Amino acid sequence: MLSLADIHTYYGNIQALKGVSLEVEEGEIITLIGANGAGKTTTLMSISGIVPPRSGDVLFMGESISRVNPDKIVSMGISQVPEGRRIFPYLTVLENLDMGAFLRNDKDGVNSDLDYVFGLFPILAERRNQAGGTLSGGEQQMLAISRALMARPRLLLLDEPSLGLAPLIVKQIFEIIRKINIENNTTIFLVEQNANLALKVAHRGYVMENGRITLSDAADRLLTNEDVKKAYLGI
Amino acid sequence: MLVNELKKSLFVSLWFMFLTFPIMVIQVNTVENIIQWRWANLFFVGVGSFVLSALWRYLIRRKEQGIQETEVDGVARVTLSQRLLNNRRFTIPALFVVSILALAFPFVFSLYQTNIMITAMIYVLLGLGLNIVVGVAGLLDLGYAAFYCVGAYSYALLNYHFGFGFWSVLGIGAGLAALFGIILGFPVLRLRGDYLAIVTLGFGEIIRLIMENWNAFSFGPSGIANIPRPGFFGVEMNIEQVTIYVYFLMIGMSLFTIFVVNRLQDSRIGRAWIALREDEVACQAMGIDKRKTKLMAFALGATWAGFAGVIFAAKTTFINPASFTLWESINILCVVVLGGMGSIVGVIVGAFVLILLPEYLRFLSEYRILAFGAVLVVMMVFRPGGIVETVRRTYQYKETA
Ligand SMILES: Nc1ncnc2c1ncn2[C@@H]1O[C@H](COP(=O)(O)OP(=O)(O)O)[C@@H](O)[C@H]1O
Ligand SMILES: [Mg+2]
């Protein structure tokens, strides 16, 4: 479904990705783990076109999207839950969700998707007319995920959804992620520092260090890999 | 506590007496070659500044206490203006009274007063237009008068060279202003905050300087005179009738503007402007085209300046570049900030206060602008959100069956 072929991405003169290649198959949950500053966020930004790669290619459904504008990429079916949630604090929950459906004009479809995300996270339905900034961290993460779902993506990019949340909430969110994957057959690209959790929910995983992919394998095998255990699982 | 505050005020007044000593106390009489010492003035300055300073401190203290109390309660502070605006028992009669007053105004008051009202309504248009750019999209534009200028000169020049009438140019002027909005928009797409302010300021000055110096095109500083007033199906009108006609035209135009701007703010694009102001990366992740959305804000904002410019040229029948200086841009920005950024009612109130206040402060003669400045400073300290703080209406959810 998605493949990155040797992409190099820069912030000005700083090179963040030094030749990243990876594959995502339709319907799977894939995870990218790595330490802070490894380049995980940059990988997602390169896919969504917000920080386009300087060289290499990104293919989505067989089409090259490495030179395509971010809005076009969203309309092709990739949507992103940015790191740190980044909901719109002064817009209400409902307006935040409507921003997620920015490129859609099918009112009925949008309304039924609203019902769907309210079904996933009933708390958001209760808070629908409350400003996004007044939600708790966990609720904001739920809103960020729901907002991305409102674009009805085929591929959902999730950047560290567990960041700064209580373990109980994290567990709940990961269950929902699995549910979205099973119910809608939405492919999920999950970036995480919490490798233990991520590898438990994912089918396959990639390990990233200093802008390069250093390891890739089935998730359960990565969980028992000695190097991964030492570096990322703290065992 | 109280003693401490009073001591501070005392220092302020001493400092003031010292500072104003040379101008308020010493007077050199060059005719008789003597120096007059006006000690009485020193006393007035001292007492006056002491009282004002104490009052200032007292008000600030009270305001801070008010904020603390509401923070303790944990309830959002709903200001009086918001409560009034949300109360139908207040808004409907108020609208009724305002409409009656507006309709009767030109028949009750003099031509001079009617003209001031027209000017105020031109600022309503300008303020609402700039509000889209600054208040909603959060793009600080210090060159807004340039679009006003484009509108005014479109009418003046198209009429002078080709004999175009007011009504046909009204649309053309607005379109040209929108085009200039886009032209300005392109180079500043990547800029934010103060950089954006500086570049837009420069753009405003460029347009004005072109008009001032390109004699062959714009007739330079001497401007263009004898611009025809708006026509009404070829009916001959005397000056009084024309003024009343323009007055009602402006009322119609203001209502139209309020209607459109209101719809815009409630639309998806309006919310996209707010979203873009808050977080550009998140907007891109939502598929909002940053460039297109910003350009749209610049263009739609400039459109109203174009309308206002055409009407301004038709109303005064004479324009020159001196009407479109940086001071003008700042004035319009004051309307938006003073009234309450992002609030339509606020901007309207702001326009009236800002135009009428200096007008009715004329009795203060040369201290007029000083008093005006003082009012602005006091306003910003005690009501930083503007006269009418934003109450955004929110998007309502309809349950699907
Ligand atoms: N906006 C930016 N400007 C410059 N350098 C950046 C920027 N964002 C990230 N970087 C650098 O790129 C590298 C990868 O960052 P990032 O992709 O955010 O890592 P991760 O998400 O894995 O923590 C880091 O060295 C970081 O310092
Ligand atoms: Mg990151």
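Note that the structure is predicted; figures quoted are calculated from it, not measured. Values reported hereafter were calculated over all heavy atoms of this structure, with side chains retained and with hydrogens, waters and symmetry mates removed.
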Checklist line | Flag if over 12 foreign heavy atoms under 6.0 Å of NZ, K292(B) | finding: no
Note to self: Shorter than 4.5 Å, heavy atoms on both sides: which option in M45(A), R85(A), R104(A) has the most such pairs with chain B?
What the structure shows: R104(A)
Notebook entry, point to check: Checking R86(A) side chain against A285(B) main chain: does a donor-acceptor pair fall under 3.5 Å?
Noted result: no
Margin query: Does N210(A) have more than 12 heavy atoms from other residues, nucleotides or ligands lying within 6.0 Å of its CG?
Written below: no
Checklist line | Neighbour count above 12 (heavy atom, 6.0 Å) for F259(B) CZ | finding: no
Check: Nearest 0.5 Å, what's the CD-CD1 distance between E278(B) and I87(A)?
Finding: 9.0 Å
Margin query: If I compare all heavy atoms of M99(A) with all of A275(B), which pair ends up nearest, and what's the gap?
Written below: SD-CB, 4.1 Å
Margin query: Among residues at least two apart in sequence or on other chains, which ones pass ring-ring contact (aromatic ring centres under 6.0 Å, His included) with F88(A)?
Written below: none
Checklist line | Least distance between heavy atoms, G100(A) atom then M286(B) atom | finding: CA-SD, 3.6 Å
Notebook entry, point to check: So what's closer than 4.5 Å to chain B heavy atoms on A101(A): side chain, backbone, both or neither?
Noted result: both
Notebook entry, point to check: Around atom CZ of F180(B), are there more than 12 heavy atoms of other residues, nucleotides or ligands at under 6.0 Å?
Noted result: no
Margin query: Only heavy atoms, only distances under 4.5 angstrom. Which residues in residues 49-74 of chain A are near chain B?
Written below: I50(A), P70(A), D71(A), V74(A)
Notebook entry, point to check: Taking atom CG of D289(B) and atom CZ of F102(A), what is their separation to the nearest 0.5 Å?
Noted result: 8.5 Å
Next item on the list: Indicate the atoms forming the closest heavy-atom contact of D98(A) with R271(B), along with that distance.
Entry: OD2-NH2, 2.8 Å
